[in-house]
Amino acid sequence: MIHATLHQLKVFEATARHGSFTRAAEELYLTQPTVSIQVKQLTKAVGLPLFEQIGKRLFLTQAGQKLLETCQEIFEGLSQFEMAVADLKGMKQGQLRLAVITTAKYFVPRLLGPFCHRYPGIDISLKVTNHQHIQERMANNEDDLYIISQPPEQPDLKIYPFLENPLVVLAPKSHPLVGQSKIPITALNDEPFIMREPGSGTRQAVQKLLETHKIDVKVRLELGSNEAIKQAIAGGLGISVLSQHTIISEGTTGEFAILDVENFPIERHWYVAHLAGKQLSVVAESFLEYLMEESHELAEKFLPNLGRDSLKQQLAKTAVSGAA
Ligand code: PGA
């Protein structure tokens, strides 16, 4: 083992986590042969096989499992050390690992700007992914802070709500229901619909509401990205339910209209969360505080379209332009 390097342990840990050389290589920006050579050398140093390959999937052997646990302890120890050093140096440097759900990508980078200006020595890694993948990242303790809009069942989580994240019915400007008010939800029956992928929190919230009201939309297309769904709406493929944040740049002045359907918007919030047992670094704690204290002010600046009243104003605007 004395010949094992930290790099090899990192490569091994990523391979074990993904169960795949290829995906580990992608994550680490290495080639697939480099990853398998590193794992081979580590296996030699350990003297026992670390993986079993069954079909295309890799499974950890008992020795591999033990090594994975050891790696996690080593990396956790090193990151604690890094934090301690960063704390000793004050907020001058450090790393902030954030994982956020897809809708938060419209707002979080705008929040990060002023934060990074304040603390220019900080490195930020921002992962944008859906609800299910965030839960997997939480289970693996991969990040400092998470921005979610649906608190998972996990009890060992500290959660702080910070902003509204309403889900609205988006349609192309030419849709016949544009401009109507208080549209009954039953009008969505048989509407061509574009749905987010399984594992999406948006999808779960939409399905729950539709099921409650026994509404059967016609799912024409399933897409794994809010932006792709917007393009499909603009292309006339159907309507969808998305976070209002997804039209932060264009609002309802562009190609999209928000339909005033009863029971919408689906009221949701963004929460910032961290694992309860997590030792937050000074950087992570400062970002958490910054988010709680300043996000409302920044939201007013960047998201003039949000909030209950402004949603009404937007619907009114849609009604006017829809009637025109
Ligand atoms: P999703 O989450 O990307 O999993 O749909 C977005 C949200 O809940 O706002």
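Start at 1 and go down the list; that is how both ligands and their atoms are numbered.
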| Is there a nitrogen or oxygen of Asn165 sitting under 3.5 Å from a nitrogen or oxygen of ligand 1? | yes
| query | For atom 3 (O) of ligand 1, what's the nearest protein heavy atom and its distance? | reply | Thr102 OG1, 2.5 Å
| query | Looking at Asn130, which atoms of ligand 1 are within less than 4.0 Å of one of its heavy atoms? | reply | 3 (O), 4 (O)
| Do Lys105 and Glu227 pass the salt bridge (Lys or Arg N to Asp or Glu O under 4.0 Å) test, and can you show the C-alpha distance, the side-chain angles, and the key distance before you say yes or no? | CA-CA 11 Å; Lys105 81 165 181 198; Glu227 279 307 300; 5.3 Å; no
| said: Considering non-hydrogen atoms of the protein only, which is the closest contact for atom 1 (P) of ligand 1, and what is the distance? | reply: Gly201 N, 3.4 Å
| query | In this structure, are over 12 heavy atoms from other groups packed under 6.0 Å from Gln279 atom CD? | reply | no
| task | Assess whether atom NZ of Lys127 is packed by more than 12 heavy atoms of other residues, nucleotides or ligands within 6.0 Å. | result | no
| request: Decide whether an N or O pair under 3.5 Å exists between Ser200 and ligand 1. | output: yes
| query | Should the pair Phe115 and Tyr290 be assigned to parallel (<30°), tilted (30 to 60°) or perpendicular (>60°) ring geometry? | reply | tilted
| Shortest protein heavy-atom distance from atom 9 (O) of ligand 1, along with the residue and atom involved | Thr103 OG1, 2.6 Å
| query | Does one side chain, of Arg268 or Thr103, offer a donor that lies under 3.5 Å from an acceptor on the other? | reply | no
| message | Heavy-atom distances under 4.0 Å decide this one: backbone, side chain, both or neither, for Ile101 against ligand 1? | response | side chain
| Candidate pair Glu255 and Lys230, rule salt bridge (Lys or Arg N to Asp or Glu O under 4.0 Å), full reasoning | CA-CA 9 Å; Glu255 296 172 293; Lys230 280 169 60 187; over 6 Å; no
| Exercise: do Gln80 and Glu76 side chains pair donor with acceptor under 3.5 Å | yes
| Intermediate values then yes/no, salt bridge (Lys or Arg N to Asp or Glu O under 4.0 Å), Asp190 and Lys218 | CA-CA 5 Å; Asp190 290 330; Lys218 219 186 306 160; 5.8 Å; no
| query | Which atoms from ligand 1 have a heavy atom of Thr202 less than 4.0 Å away? | reply | 1 (P), 2 (O), 5 (O), 6 (C), 7 (C)
| request: Below 4.0 angstrom from a heavy atom of Arg196, which ligand 1 atoms are there? Numbered from 1 as shown, please. | output: 1 (P), 3 (O), 5 (O)
| Heavy-atom contact under 4.0 Å between Arg268 and ligand 1? | yes
| request: Starting from atom 8 (O) of ligand 1, find the nearest protein heavy-atom neighbour and note its residue, name and distance. | output: Ser149 OG, 2.4 Å
